[in-house]
Amino acid sequence: MSREKRLELVRRNAEEIVTEGELDSLIDDGSPRAYTGYEPSGTIHLGHLVTVEKLKDLVEAGFDVTVLLADLHAYLNEKGDLDEIEEVADMNRRAFEAYGLEAEFVLGSEFQLNDGYVMDMHRLAVSTTMARAQRSMDEVSRSRDDIHVSQVVYPLMQALDIAYLDVDLAVGGTDQRKIHMLAREGLPRIGYDAPTSLHTPILTGLDGSKMSSSKQNWIDLSMSEEDVEGALNNAYCPAGTETDNPVLEIAKYLVFPEFEEVEVKRTEKYGGDVEYRGYPEVARDFESGELHPLDLKKSVSKYLNGVLAPARENFR
RNA sequence: CCCGCCUUAGCUCAGUCUGGCCAGAGCAGCCGGCUGUAGACCGGCUGGUCCCCCGUUCGAAUCGGGGAGGCGGGACCA
């Protein structure tokens, strides 16, 4: 694969890369290493899959990809007992693999309790201010009031993971960027390299607002095909605009990376069938009014169900 | 360790002083109507261990005692 093609894959659908220059030199490495950490979760949702999609791009572009099943992080974020979390982690690994991700899977607690790691954590703690650690968790932590000490330990460990997994490129949603910036500044102070980082966009919730566990405004692997159709049909989808449009985002970030062509079936009354090769064509027709929201929804739910099918079977 | 304040619907809160009317409001949610989607708009509906336990009382979210959790302050600083 050409250098240009590889770079194109890495950059595709990325919200930002810090920094482009660093990526440029990384790509010339023999086998650069990339990673994403996930708190094991009972609900793998489309937001997770946006980053998985990116990891698949990276594999294709010649990166060695590691997925951290961050059981201790989930524990620190008050997601339950460590035993329960590890069961969920195993289920998550199977879902990711079924989704087509070829990566090495590492359980966080396997190395995060070692002497060297813990001492490095203390060294990083000494060189990091409370405000900085707390701020880095704004988009990540379970509850923003009643802040627990665990919530500032969390980003320190996430930074260290990057060093201990020997990662060149840290991947995550834009909600992770402040933690990655903390890693970029903090790791060199204790003798490690600053990682390059790549951030994927955060999907808009199905109701047009921010995705939130309390609102359940998302699609996840526990949902049947019919549930997905229903959820998409009920989704916020203002005609003619890409702004805050979850259905278009799903097409862009999850459907088109998996399908070269997407067909929209319509009766003659509404213009007849159309085929789209690539998301820009969809965006163009949607903005012009050529493509009606309902037709978009029907088509997206059909293709999205195709994308989810293998992982869904391995969900439990 | 001491003192003060707080805890009521998914969320923000009212009600507590002075016990009694079905425990309320806004927002969120759900269901319809209007749209060839959703939203907006209109109409309707749902929603509660009043933090827990014990007591007083005919009757306790409300009063008394005990406890838990949260927040703030004080003290301690060998």
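Heavy atoms only: backbone and side chains are in, while hydrogens, waters and symmetry mates are out. Lettering follows sequence order; numbering is per chain, from 1.
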K.L.:
Under the salt bridge (charged side-chain N to carboxylate O under 4.0 Å, His left out) rule, what pairs show up with a residue in residues 271-286 of chain A, not counting sequence neighbours?
P.N.:
Glu261(A)-Arg277(A)
K.L.:
Hydrophobic side-chain clustering at under 4.5 Å (ILVMFWY, transitive links): who's grouped with Val18(A)? Put none if nobody.
P.N.:
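Besides Val18(A), the hydrophobic cluster comprises Met181(A), listed by chain and residue number.
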K.L.:
When rounded to the nearest Å, what value does the distance between C1' atoms of A9(B) and C45(B) take?
P.N.:
15 Å
K.L.:
Using atom P in both nucleotides, what's the gap between A14(B) and G26(B) to the nearest angstrom?
P.N.:
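Straight-line distance between the two P atoms is 16 Å.
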K.L.:
Between C11(B) and U7(B), how far apart are the C1' atoms? Round to whole Å, please.
P.N.:
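Their C1' atoms lie roughly 15 Å apart.
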K.L.:
Can you give the dot-bracket line for RNA chain B, where a pair is Watson-Crick or G-U wobble with both atom distances under 3.5 Å, crossing pairs use [ ], and | marks a partner on another strand?
P.N.:
((((((((.[[[[.)....(...]]]].(((((.......))))).....[[[[[..)....]]]]])))))))....
K.L.:
I'd like to compare against my own output: the B/S/- annotation of nucleotides 32-39 of chain B with a strict under-4.0 Å heavy-atom distance to protein.
P.N.:
----BBBS
K.L.:
Quiz question: by atom type and distance under 3.5 Å, do the side chains of Asp227(A) and Ser224(A) form a donor-acceptor pair?
P.N.:
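Note: Asp227(A) and Ser224(A) side chains meet the donor-acceptor criterion.
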K.L.:
Please list residues of residues 271-289 of chain A whose heavy atoms come under 4.0 Å from any atom in RNA chain B, ordered by number; otherwise none.
P.N.:
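Residues of residues 271-289 of chain A under 4.0 Å from RNA chain B: none.
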K.L.:
I'd like to check the ring-ring contact (aromatic ring centres under 6.0 Å, His included) partners of Tyr154(A); sequence neighbours left out, ordered by chain and number.
P.N.:
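For Tyr154(A), the residues satisfying ring-ring contact (aromatic ring centres under 6.0 Å, His included) (neighbours in sequence not counted) are His73(A).
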K.L.:
Can you check the distance between U57(B) and A75(B), where both ends of the measurement are the P atom (answer in whole Å)?
P.N.:
44 Å
K.L.:
Taking G10(B) as the reference, what is the distance to U56(B) when you measure between their C1' atoms (whole Å, please)?
P.N.:
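U56(B) and G10(B) have their C1' atoms separated by 35 Å.
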K.L.:
Restricting to side-chain contact (heavy atoms from CB on, under 4.5 Å), what partner residues turn up for Met130(A), sequence neighbours left out?
P.N.:
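Counting only residues at least two positions away or on another chain, Met130(A) forms a side-chain contact (heavy atoms from CB on, under 4.5 Å) with Gln134(A), Val152(A).
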K.L.:
Sorted by first residue and then second, give each side-chain hydrogen bond (donor to acceptor under 3.5 Å, both in side chains) pair with at least one member in residues 292-310 of chain A; sequence neighbours left out.
P.N.:
Asn305(A)-Arg312(A)
K.L.:
Distance check, P atoms only: G59(B) and C1(B), in whole angstrom units.
P.N.:
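About 38 Å, rounded to a whole number of Å.
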K.L.:
With rounding to whole Å, what would you report as the distance between G19(B) and A60(B) at their P atoms?
P.N.:
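My reading of the P atoms in G19(B) and A60(B) gives 14 Å.
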K.L.:
With sequence neighbours left out, what residues match Arg11(A) under salt bridge (Lys or Arg N to Asp or Glu O under 4.0 Å)?
P.N.:
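Counting only residues at least two positions away or on another chain, Arg11(A) forms a salt bridge (Lys or Arg N to Asp or Glu O under 4.0 Å) with Glu20(A).
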K.L.:
Listed by chain and number, what are the ring-ring contact (aromatic ring centres under 6.0 Å, His included) partners of Phe63(A), not counting sequence neighbours?
P.N.:
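Here no residue qualifies.
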K.L.:
State whether Tyr270(A) and Lys265(A) meet the cation-pi test: NZ (Lys) or CZ (Arg) under 6.0 Å from the six-membered ring centroid, and within 45° of the perpendicular axis.
P.N.:
no
K.L.:
Take atom C1' in G39(B) and the same atom in G29(B), then report the distance between them in whole Å.
P.N.:
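After rounding to an integer number of Å, I get 16 Å for this pair.
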K.L.:
Going by the rule ring-ring contact (aromatic ring centres under 6.0 Å, His included), which residues pair with Tyr192(A) if we only count those two or more places apart in sequence or in a different chain?
P.N.:
none
K.L.:
Output all residues satisfying ring-ring contact (aromatic ring centres under 6.0 Å, His included) with Tyr117(A), sequence neighbours left out; order by chain, then residue number.
P.N.:
Phe111(A), Tyr164(A)
